[in-house]
Amino acid sequence: MEKHHIDVMIDEDAVNNRIKELGEQISRDYADREVYLICILKGSVYFTCELAKRITVPVIMDFMQCSSYGAATKSSGVVKLSKDLDMAITDRDVIIIEDIIDSGRTLNHLKDLLGQRNPASLKICTLLDKPSRRVVDVDVDYTGFRIEDKFVVGYGLDYDQLYRNLPYIGVVEFD
């Protein structure tokens with residue numbers, strides 16, 4: 001691993017406040033309904049748990065694991081699915097929860113795959129969005145923060161499996 005340090009991009013209070021706002025918005029949008037959250041492992045687990053605690057309508061959580069990164073800092077372009085859902089999503093209101101949307105390839109692949117399973121609705125919620133890196137167009141329904149093209153860690157995001165546990169979003173700066 002290259003020598004590096006981490007600078008704070010979005011502090012813990014700002015992250016927590018925005019997640020609270022997203023939870024309130026989702027609760028309003030799904031009033032009197034049940035929402036099925038799909039947490040994309042591993043990076044989205046922190047965000048999904050914090051978001052779910054702030055949603056006031058009934059929540060079901062399930063998990064998928066896929067990636068297009070590996071140990072690299074840039075997307076490889078190949079989407080690998082290694083864990084599928086445990087429950088059917090037919091006729092359910094589904095929200096895919098992602099930590100960050102970069103190229104859009106992973107989310108585009110997932111949205112196509114899950115759309116074929118006939119959910120009542122299918123939306124995307126991301127903590128971070130990097131629109132400048134988009135290769136595939138993806139409609140994002142709920143966005144925590146739009147960020148510039150920096151390699152970020154914390155709140156579930158990692159650099160070679162490290163730094164997921166940081167309570168803020170930090171930028172990896174290589175020395």
Side-chain angles (χ1 to χ4, degrees), residues 9-10 15 18-19 21-23 25-26 29-30 33-52 55 59-161 164 169 171-172:
M9 175 186 265
I10 305 169
V15 173
R18 185 63 185 129
I19 292 172
E21 293 169 358
L22 289 170
Q25 184 180 356
I26 290 169
D29 291 352
Y30 290 88
R33 294 175 13 214
E34 177 182 273
V35 67
Y36 189 104
L37 302 181
I38 298 176
C39 172
I40 306 305
L41 298 172
K42 298 176 186 172
S44 300
V45 74
Y46 289 84
F47 176 45
T48 303
C49 290
E50 291 301 316
L51 180 63
I55 296 174
V59 169
I60 293 174
M61 279 177 48
D62 207 343
F63 303 87
M64 291 184 90
Q65 187 168 17
C66 58
S67 70
S68 62
Y69 280 86
T73 60
K74 295 200 184 297
S75 175
S76 67
V78 177
V79 178
K80 178 181 140 193
L81 180 65
S82 52
K83 189 221 175 294
D84 207 340
L85 299 173
D86 293 329
M87 299 173 59
I89 60 170
T90 304
D91 299 325
R92 294 185 185 269
D93 291 309
V94 174
I95 304 176
I96 301 168
I97 310 295
E98 188 59 286
D99 53 355
I100 189 166
I101 301 176
D102 194 326
S103 70
R105 288 184 184 104
T106 302
L107 261 295
N108 188 57
H109 176 80
L110 280 179
K111 198 163 185 185
D112 287 349
L113 176 71
L114 295 172
Q116 295 169 16
R117 299 180 187 184
N118 302 312
S121 65
L122 181 60
K123 294 190 176 183
I124 294 173
C125 177
T126 187
L127 179 58
L128 303 174
D129 187 9
K130 265 193 217 179
S132 67
R133 299 266 307 146
R134 207 66 97 246
V135 184
V136 179
D137 221 11
V138 177
D139 290 327
V140 182
D141 303 280
Y142 305 100
T143 300
F145 301 93
R146 282 187 175 79
I147 63 169
E148 58 190 275
D149 186 14
K150 301 275 186 185
F151 187 66
V152 292
V153 294
Y155 227 90
L157 295 133
D158 73 294
Y159 172 40
D160 203 16
Q161 300 303 319
R164 290 185 194 280
I169 305 301
V171 178
V172 177

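Both backbone and side-chain heavy atoms feed into the values below; hydrogens, waters and symmetry mates do not. What you are looking at is a predicted structure, and each value in this text was computed from that prediction instead of being measured.
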Where Leu51 and Gly23 come nearest, the two heavy atoms and their spacing
CD1-N, 3.6 Å

Hey, could you give me the NZ/CD1 distance between Lys130 and Ile100, rounded to the nearest 0.5 Å?
4.5 Å

Which heavy atom in Gly144 sits nearest to a heavy atom in Arg18, and how many Å separate them?
O-NE, 3.0 Å

Are Arg133 and Ser103 close enough that some pair of their side-chain heavy atoms sits under 4.5 Å apart?
no

Separation between CD1 (Ile40) and SG (Cys125), nearest 0.5 Å, reads 11.5 Å

Going from CD1 on Ile89 to CG on Leu122, what distance comes out if it is rounded to the nearest 0.5 angstrom?
6.5 Å

Is the shortest heavy-atom distance from the side chain of Phe145 to the side chain of Met9 under 4.5 Å?
no

So that I can tick it off, tell me whether Arg92 and Asp62 are bridged by a salt bridge, with the cut-off set at under 4.0 angstrom between side-chain N and carboxylate O.
no

Check the orientation of Tyr142 and Tyr30. Use parallel for under 30°, tilted for 30 to 60°, and perpendicular for over 60°.
tilted

Under-4.0 Å salt bridge between Asp129 and Arg134:
yes

Asp137 versus Asn108, closest heavy-atom pair with distance:
O-OD1, 4.2 Å

Kindly compute the distance separating CD1 (Ile55) from CD1 (Ile95), expressed to the nearest 0.5 Å.
6.0 Å

Can you measure from CD1 (Ile60) to CE (Met87) and round to the nearest 0.5 angstrom?
4.5 Å

So which atom in Asp99 and which in Gly156 form the shortest heavy-atom distance, rounded to 0.1 Å?
OD2-O, 4.3 Å

Does CG belonging to Asp112 count more than 12 external heavy atoms closer than 6.0 Å?
yes

Side-chain heavy-atom pair Met64, Asp84 within 4.5 angstrom cut-off
yes

Ser121 to Asp93 - nearest heavy-atom pair and separation
OG-OD1, 2.7 Å

Could you tell me the separation between the CG atom of Leu85 and the OH atom of Tyr36, rounded to the nearest 0.5 Å?
4.5 Å

With a 4.5 Å heavy-atom cut-off, do Phe63 and Met61 have their side chains touching?
yes

Is any side-chain heavy atom of Arg146 closer than 4.5 Å to one of Val140?
no

What one should report as the nearest heavy-atom pair of Val136 and Arg105 is CG2-CG, 3.9 Å

Are Leu127 and Ile169 packed together at the side-chain level, in the sense that at least one heavy-atom pair is separated by less than 4.5 angstrom?
yes

Going by side chain to side chain contact (heavy atoms under 4.5 Å, CB included), Ile101 matches just one of Thr106, Ile124, Leu128. Which one?
Ile124

Below 4.5 Å, heavy atoms only, C-beta onward: do Thr126 and Leu107 meet side chain to side chain?
no

Determine whether Ile19 and Tyr155 satisfy the following criterion, side-chain contact (heavy atoms from CB on, under 4.5 Å), listing intermediate values before the conclusion.
CA-CA 12 Å; Ile19 292 172; Tyr155 227 90; 3.6 Å; yes

Side-chain touch Ile10/Val152, heavy atoms, less than 4.5 angstrom:
no

